[in-house]
**Q** 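My questions all concern the structure below.
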Amino acid sequence: MPSATPADVLTRRRHLMLNGDADGLADLFAPGAVIEFSFHGPPGTPVRLDGQEAIREYSRQVMASPLRLEDYEVTELYQTQDPEVVIAEMWAKATVTTTGRSITATSIQILRIREGHIVLFRDFADPRVLEEVIGEPRPGS
């Protein structure tokens with residue numbers, strides 16, 4: 001059976017995320033995988049996750065949170081000269097169930113995918129978008 005392509009892995013990731021499968025998502029990462037969030041998010045959000053079990057725990061926390069992912073797409077996928085590395089342009093739509101606020105966000109992600117598993121995941125997203133939607137309503141909002 002041929003190894004999964006990066007596009008196959010990203011399609012699988014989308015399916016798992018939309019279905020709230022934190023364990024399945026973690027299993028998509030290699031045991032020694034690393035996730036790096038390039039910009040600091042809301043307080044308590046890690047900047048780096050080391051290893052599949054840390055990724056599993058974080059994924060469970062996110063999927064148990066009031067943030068519900070409604071749609072998630074790779075809008076562009078670029079192959080680099082290194083066959084393991086791809087750059088993905090992403091957009092996502094989510095709603096915070098406790099407030100009803102919606103968010104549409106974009107990001108750039110750099111991934112190293114080896115033998116069907118994500119080894120390195122770097123996310124470049126503006127955390128202010130998320131902070132605005134999960135924070136308290138501002139006066140006049």
Side-chain angles (χ1 to χ4, degrees), residues 2-141:
S3 183
T5 67
D8 294 337
V9 172
L10 295 178
T11 297
R12 178 80 179 133
R13 180 181 71 163
R14 178 183 186 274
H15 174 77
L16 293 165
M17 290 180 71
L18 287 173
N19 287 300
D21 186 348
D23 290 320
L25 180 63
D27 291 341
L28 200 54
F29 287 81
V34 171
I35 292 179
E36 296 174 347
F37 300 101
S38 297
F39 303 105
H40 294 284
T45 303
V47 206
R48 180 182 169 103
L49 299 167
D50 288 294
Q52 188 181 53
E53 292 313 309
I55 293 166
R56 183 180 315 281
E57 180 59 31
Y58 179 74
S59 297
R60 286 176 178 168
Q61 289 173 7
V62 169
M63 293 193 188
S65 79
L67 187 66
R68 290 293 168 262
L69 190 61
E70 296 169 11
D71 204 359
Y72 178 76
E73 294 289 335
V74 174
T75 56
E76 296 289 338
L77 184 62
Y78 306 97
Q79 180 64 57
T80 67
Q81 289 181 348
D82 182 333
E84 292 185 346
V85 177
V86 293
I87 300 169
E89 292 184 38
M90 309 290 303
W91 72 264
K93 181 179 178 190
T95 299
V96 179
T97 60
T98 54
T99 65
R101 290 181 177 177
S102 291
I103 179 177
T104 300
T106 58
S107 70
I108 301 292
Q109 300 172 349
I110 300 173
L111 301 100
R112 177 174 295 278
I113 300 171
R114 183 178 300 137
E115 297 176 4
H117 289 91
I118 300 168
V119 176
L120 175 65
F121 171 76
R122 288 189 178 124
D123 188 47
F124 297 86
D126 184 353
R128 294 173 299 182
V129 175
L130 183 58
E131 288 172 6
E132 288 175 11
V133 78
I134 62 174
E136 290 299 315
R138 293 188 177 147
S141 298

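Only a predicted model underlies this, so the values are computations on that prediction, with no experimental measurement involved.
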**Q** Is Thr75 reaching over with its side chain to a backbone N or O of Glu89, donor-acceptor style, under 3.5 angstrom?
**A**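 Judged by distance alone, yes, a pair lies under 3.5 Å.
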**Q** Nearest 0.5 angstrom please: Lys93 NZ to Glu73 CD, how far?
**A**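 The CD atom of Glu73 is 12.5 Å from NZ of Lys93, to the nearest 0.5 Å.
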**Q** If you measure from CG on Leu10 to CD on Gln109, what distance do you get to the nearest 0.5 Å?
**A**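 The CG atom of Leu10 sits 8.0 Å away from the CD atom of Gln109.
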**Q** For a side chain to side chain contact (heavy atoms under 4.5 Å, CB included) check, start with the C-alpha distance between Arg13 and Ile113, then their side-chain angles and the critical distance, and finish with the verdict.
**A** CA-CA 12 Å; Arg13 180 181 71 163; Ile113 300 171; over 6 Å; no
**Q** Just verifying a value: how many Å separate Arg56 CZ and Leu25 CG, rounded to the nearest 0.5 Å?
**A**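 Arg56 atom CZ to Leu25 atom CG measures 9.5 Å (nearest 0.5 Å).
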**Q** For a quick test of reading the model, state the closest non-hydrogen atom pair linking Ala4 to Gly116 and the distance between them.
**A**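 The pair with the smallest heavy-atom distance is CB-CA, 4.2 Å.
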**Q** Would you check if the side chain of Arg14 reaches a backbone N or O of Tyr72 as a donor-acceptor pair within less than 3.5 Å?
**A**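 Present.
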**Q** Assess whether atom CZ of Arg122 is packed by more than 12 heavy atoms of other residues, nucleotides or ligands within 6.0 Å.
**A**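 Atom CZ in Arg122 is not packed in, count stays at 12 or less.
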**Q** Classify the ring geometry between Phe121 and Phe37 as parallel (under 30°), tilted (30 to 60°) or perpendicular (over 60°).
**A**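 Ring orientation, 0 to 90° scale: perpendicular.
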**Q** Do Asp23 and Arg60 make a side-chain contact, defined as non-hydrogen atoms from C-beta onward lying under 4.5 Å apart?
**A**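 Yes, close enough: below the 4.5 Å cut-off.
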**Q** Please round to the nearest 0.5 Å and tell me the distance separating atom OG1 of Thr95 and atom CD1 of Ile103.
**A**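 Rounded to the nearest 0.5 Å, the OG1-CD1 separation comes out at 9.5 Å.
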**Q** If I compare all heavy atoms of Asn19 with all of His15, which pair ends up nearest, and what's the gap?
**A**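 Minimum heavy-atom separation between Asn19 and His15: ND2-O, 2.8 Å.
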**Q** Let me see the working for Arg112 and Asp82 under side chain to side chain contact (heavy atoms under 4.5 Å, CB included), right down to the final yes or no.
**A** CA-CA 9 Å; Arg112 177 174 295 278; Asp82 182 333; 3.0 Å; yes
**Q** Are Phe29 and Ile35 close enough that some pair of their side-chain heavy atoms sits under 4.5 Å apart?
**A**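 Contact flag for Phe29/Ile35 side chains = yes.
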**Q** Nearest 0.5 Å, please: how far is CG in Leu49 from OG in Ser59?
**A**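 Reported to 0.5 Å precision, the distance equals 8.0 Å.
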**Q** What distance do Leu16 atom CG and Thr11 atom OG1 have between them, rounded to the nearest 0.5 Å?
**A**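 Spacing of CG (Leu16) from OG1 (Thr11) equals 11.0 Å.
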**Q** Looking only at heavy atoms, what is the nearest atom pair of Gln79 and Val85, with distance?
**A**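 It is NE2-O, 3.1 Å.
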**Q** Considering non-hydrogen atoms only, spot the tightest contact between Val9 and Leu28 and give its length.
**A**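 Result for this residue pair: O-CD2, 3.7 Å.
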**Q** Given 3.5 Å as the limit, does a donor-acceptor pair link the side chain of Thr97 with the main chain of Pro66, or not?
**A**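 Yes; judged by distance alone, with no hydrogens or angles, the pair exists.
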**Q** What pair of heavy atoms forms the shortest contact from Asp50 to Ala54, and how long is it?
**A**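 Shortest heavy-atom separation between Asp50 and Ala54 comes out as O-CB, 3.3 Å.
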**Q** Testing the basics here: between Val74 and Leu77, what is the closest heavy-atom pair and its distance to 0.1 Å?
**A**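 Heavy atoms of Val74 and Leu77 come nearest at CG1-CB, 4.1 Å.
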